[in-house]
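Computation of the quantities below employed the complete heavy-atom set of this structure, encompassing side-chain atoms and omitting hydrogens, waters and symmetry-equivalent molecules.
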Amino acid sequence: MKPILYFFFILFPCILFAQKVYQTDSLVTEIQNEKNIHKKLYNYYQIIESFNYSGKYDNAIHYGLKASKIAVQHKEDSLLYLIYNQIGVAHDYKGEYTKALNYYFKALPQAEKHKDISNTASIMNNIGLAYYFQTDFDKALVYHNNVLEIRKKQNDNNGLSISLNNIAMVYVSLKQFQKAIDNYKFCIKTDTQLNDSLSLADDYINIGHCYTEMKEYKKAEYYHLLALKIKEKSNQDIGICLSKLNLGHVNFYLKQYDKAIIWFNQAEEIAKKLKLKNNLISIYDGLVKVYLKKKDYQNAFVNFSKVYNLEKEINAREKIQKQTATELTYKFNKEREKQKLARIKEQLENAKKQEKAKFISISVSIIGFVIFLFSILLFKKWKDAKKQQQIINEKNILVELKNKEILDSINYAKRIQKAILPSDEFIASFFEKHFIFYSPKDVVAGDFYWFEKLKDMLIFAAADCTGHGVPGAMMSVVCNNALQRSVKEFGLIRPGEILDKTKQIIFEDLTKNDETVSDGMDISMCSYDIKTKTFYWSGANNNLIIWKRTQNELIEIKADKQPIGKSIHTKAFTTHQLDLEAGDRIYLLTDGFADQFGGEEGKKYKTKNLKSLLLKTASQSIVQQCESIIGEFHNWKNKLEQVDDVCIFGIEVS
C-alpha cells in the first residue's frame, strides 16, 4: 500500500453548477405537455443535468440524444451545446473518454460562437480532464492552460484555483514535481484571498507529497505540519488523521523512526474511532516498515498493519496452598498419640508390681520415640516436597503464560493477515464468476492472494512466500508491501514489469545489512485491461493453467524459472498476452495442493492429477468447481497432516 495520498481537484464544473437534483418525474410530465420548443429543451437540459448529478449516466445519455435531435431539428443552438456538454460528461464519468471528447468538441465551437465564456471554459476544462485520463498529458496541459487564461481575464478566483490544481495534477503525472509545486503555490495565494482554509490545507498536502516524491523530506514535513494545523483548527477529524499519517511516512523517510511511530499511533487512534479501514491499513503498513528498520522483528510481526503495544500484567499465581489442612492433620495425629501414651502410662502405674506392666511401659516408650522420630522425618520430607511443588508450579505458570502470550500474538497476527487480503465482495465487483480456495497450513501463512485496481487495469495474483507459519507470514508482509509499491508507487501495470520491480524492492529490503537472507516468493500474476478486455500474465516458478471452453482442454503456460528474490541467474520476467474467450477459465495457484500427501499409499497428489481434476470439474459452475476442489483436497489428505499452505485463485472470463 503506497503511503502517499494525493488530493487532486478533478472537477467537472458544469455538473457542480447544479445545486439541487430536479424532480425528474415532474419535468418529464412537463416535457410531454410543453409546446414551446425552447422551454421543452430547457426542461430536457435540467433532466440530463439531474441524472448526471445523481449518477444515472445511461439515463442522461438517453435523454441527451433525444434532446439533441429536437434541438438540431428546430435549430435551437443556444441550448444544443449545453446538451452536448452534458452528454459528454455522462460518457466521461462512465470512462468512455473517446465518446466524451466527441461531444465536447461538438459543444465547444457553438459555445465560442455564442460568446458564452463561462461555459467555454467549463467545456475546455472537461476536454483537458478527458485527455488526462487517456494519459495524453501534452494535450491536457494545452487545454488547462487555455482555461487558466480565460479565468484570469474573468477574475474568477475559484475557477482559477481549480485550473491551477488541474495543471499541477498533470505535472505530477509527468513527474515534473517542481512545476506542480509552482502551481500549488499559486493556488495557496488564490485560496488565501478566498479565505478557503480547507482548500488551502489541501494545497499544503499536495506540495508536501511533491516534496516527498523529490525526496526533500524536511520540506515535505513542513507543509504537512501546516496542513495539520488548519485541519485541527477546523476539527476535521479525517483530515487530521491523514495529515498525521503523512507525517508518519515522512518521518520514516527522515529515519526518525521513534517520531514516525508517535505520528502513526496518533493517526491510528482517530482512524479507529472513525472506522477508516484503508487508513488503518496504511498506518499498520507504515509501522511494519518502521519496526523492520529498527530490527524490532517481534513488533514488526505483531503489527502487520497495526500497533500491538499491549502491556499485559498477568497475575496468574494460583492460590493453591493447602498447607493448613495438612498441618492440622499432622497436629491432630500427634495429639492423639500423646493421649494414647498417657493412658498406657496410667495403666502401668497401677500395675507397678507386675513385670508385664513394666514391659508394656518400656515398649510404649520405645514405640512413642520411634513414632516421634518418624514424624519428624515425615514432616521434613513434607516441607521439602512442598517447596519443590511450589517451584514446579511457578515454572509451570511461567511456561503457560509464555505459551499464551505467543499464541495470542500469532492469533492476532492471523486477524491482521486476513485483513490485508482482498475481500470477496471487492473481487466480485469486477469478476462475478470467481473462486478462491485458501487453506493455510498453520495459524498464519506464507501463501496469499492479491488484487488491485489501477486506472483501467485489474491486477491479481496468487503468491507463495518461502516457508509457512510465522516465517512465511513475515515474508508475506514484505512481499505484499513490495507488490503494493510496484503498482501504487511506481504505477506499473504489466505483470512482467511488476515482478521485475517487486524483485528489486525485495532484494533491497533484505540486503540492507550484513545478514544474508535468501528468502523470496513464487507467484502467478495476471492483469486485465478493462477497456480492451485483454489479459496479460507473468509467473515466477508458478505456471498458469487455462481451460478453453470451446475445445474443453487445458493449456499450461510455463513460468520463468526464477523466484522473486535472490537468485543466481536473473533476467527480466516475460509478459504473455492471453488469447481468451467468454467462458474460458484461468487458474492462478501455488504448489500446496499438488505437494499434499494422501490417498491409500500416502503419496503426493502431483500437478498432473490436479490438472485432471480441473478438467473433470470445468463443466460445473465455478462455485461448484470450487466445492469439488475443496472436497477432493480433504478426501485426499484424510487424516494426514497438511504439509504446506494452499492457494488456488480461479476466474471465469465474461
Side-chain angles (χ1 to χ4, degrees), residues 410 414 417 421 434-449 461-473 475-476 479 518-526 537 539-548 551-565 567-568 585-651:
I410 293 174
K414 177 184 179 182
Q417 190 174 49
L421 296 174
H434 78 280
F435 75 83
I436 296 170
F437 176 30
Y438 181 65
S439 178
K441 176 186 181 297
D442 301 308
V443 179
V444 289
D447 281 17
F448 65 95
Y449 53 94
D464 181 3
C465 296
T466 305
H468 47 73
V470 173
M475 198 64 205
S476 74
C479 295
S518 300
D519 295 335
M521 168 177 67
D522 296 338
I523 190 169
S524 178
M525 172 173 281
C526 243
W537 175 82
N541 287 332
N542 285 352
N543 298 340
L544 174 70
I545 297 176
I546 301 172
W547 176 64
K548 301 291 290 182
Q551 295 88 358
N552 190 28
E553 65 178 3
L554 290 182
I555 298 172
E556 185 173 14
I557 301 178
K558 300 293 184 182
D560 293 301
K561 294 298 180 183
Q562 59 177 351
I564 303 296
S567 59
I568 298 174
R585 293 179 185 175
I586 57 178
Y587 304 96
L588 312 177
L589 59 157
T590 61
D591 59 3
F593 195 127
D595 289 346
Q596 178 60 45
F597 291 96
E600 294 180 356
E601 299 178 359
K603 294 183 177 180
K604 280 188 178 182
Y605 193 86
K606 295 185 179 180
T607 303
K608 178 182 177 182
N609 291 327
L610 178 57
K611 289 164 67 176
S612 297
L613 173 63
L614 292 174
L615 183 61
K616 183 173 69 174
T617 59
S619 60
Q620 300 174 346
S621 72
I622 200 158
V623 174
Q624 292 172 332
Q625 185 180 36
C626 179
E627 293 173 352
S628 298
I629 291 170
I630 294 171
E632 174 69 4
F633 178 79
H634 290 295
N635 289 337
W636 176 261
K637 181 172 71 73
N638 200 2
K639 295 181 180 180
L640 293 181
E641 182 182 358
Q642 185 172 333
V643 298
D644 199 0
D645 303 321
V646 176
C647 183
I648 302 177
F649 193 169
I651 288 177

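Note that OH of Tyr438 and CZ of Phe649 are 13.0 Å apart. Values are rounded to the nearest 0.5 Å. If you take CG on Asn638 and CD on Glu600, they are separated by 10.5 Å, rounding to the nearest 0.5 Å. Between atom CD of residue Gln642 and atom CZ of residue Phe633 there is a gap of 4.0 Å, rounded to the nearest 0.5 Å. Atom OG of Ser628 is separated from atom CG of Asn635 by 10.5 Å, given to the nearest 0.5 angstrom. Atom CE of Met475 sits about 6.0 Å away from atom OG1 of Thr466, to the nearest 0.5 Å. Atom CG in Asn542 sits 11.5 Å away from atom CG in Asp560 (nearest 0.5 Å).
Smallest separation of non-hydrogen atoms from Asn541 and Asp522: ND2-OD1, 2.9 Å. The heavy-atom pair separating Cys465 from Ser476 by the smallest distance is SG-CA, 3.5 Å. The shortest non-hydrogen separation linking Asp645 to Asp442 is OD1-N, 4.2 Å. In plain terms, the two heavy atoms of Val643 and Gln596 that are nearest each other are N-OE1, 3.1 Å. For Met521 against Cys479, the heavy-atom pair with the smallest separation is SD-CB, 3.5 Å. The shortest heavy-atom contact between Tyr587 and Leu544 is O-CD1, 3.5 Å.
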- Could you walk me through whether Trp537 and Leu588 pass side-chain contact (heavy atoms from CB on, under 4.5 Å), step by step? CA-CA 10 Å; Trp537 175 82; Leu588 312 177; 4.1 Å; yes
- Message: Quick one, Ile436 with Leu421, criterion side-chain contact (heavy atoms from CB on, under 4.5 Å). Give me CA distance, side-chain angles, the key distance, then yes/no.
- Response: CA-CA 11 Å; Ile436 296 170; Leu421 296 174; over 6 Å; no
- Message: Using side-chain contact (heavy atoms from CB on, under 4.5 Å), reason through Ile629 and Leu614 one step at a time and then give a plain yes or no.
- Response: CA-CA 8 Å; Ile629 291 170; Leu614 292 174; 3.7 Å; yes
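Side-chain atoms of Leu615 and Lys611, non-hydrogen and from C-beta on, never get closer than 4.5 Å to each other. Taking 4.5 Å as the limit, every side-chain heavy atom of Val623 sits out of range of all side-chain heavy atoms of Phe435. Side-chain contact check for Gln625 versus Arg585: some heavy-atom pair is nearer than 4.5 Å.
Using bins of under 30°, 30° to 60° and over 60° for the plane-to-plane angle, the ring pair Trp636/Tyr605 lands in the perpendicular bin.
Under the side chain to side chain donor-acceptor pair (under 3.5 Å) test applied with Thr590, the options Asp595, Asp464, Asp447, Asp644 reduce to a single match, Asp447.
Sparse packing is recorded around CD of Glu641, with 12 or fewer heavy atoms of other residues, nucleotides or ligands lying under 6.0 Å away.
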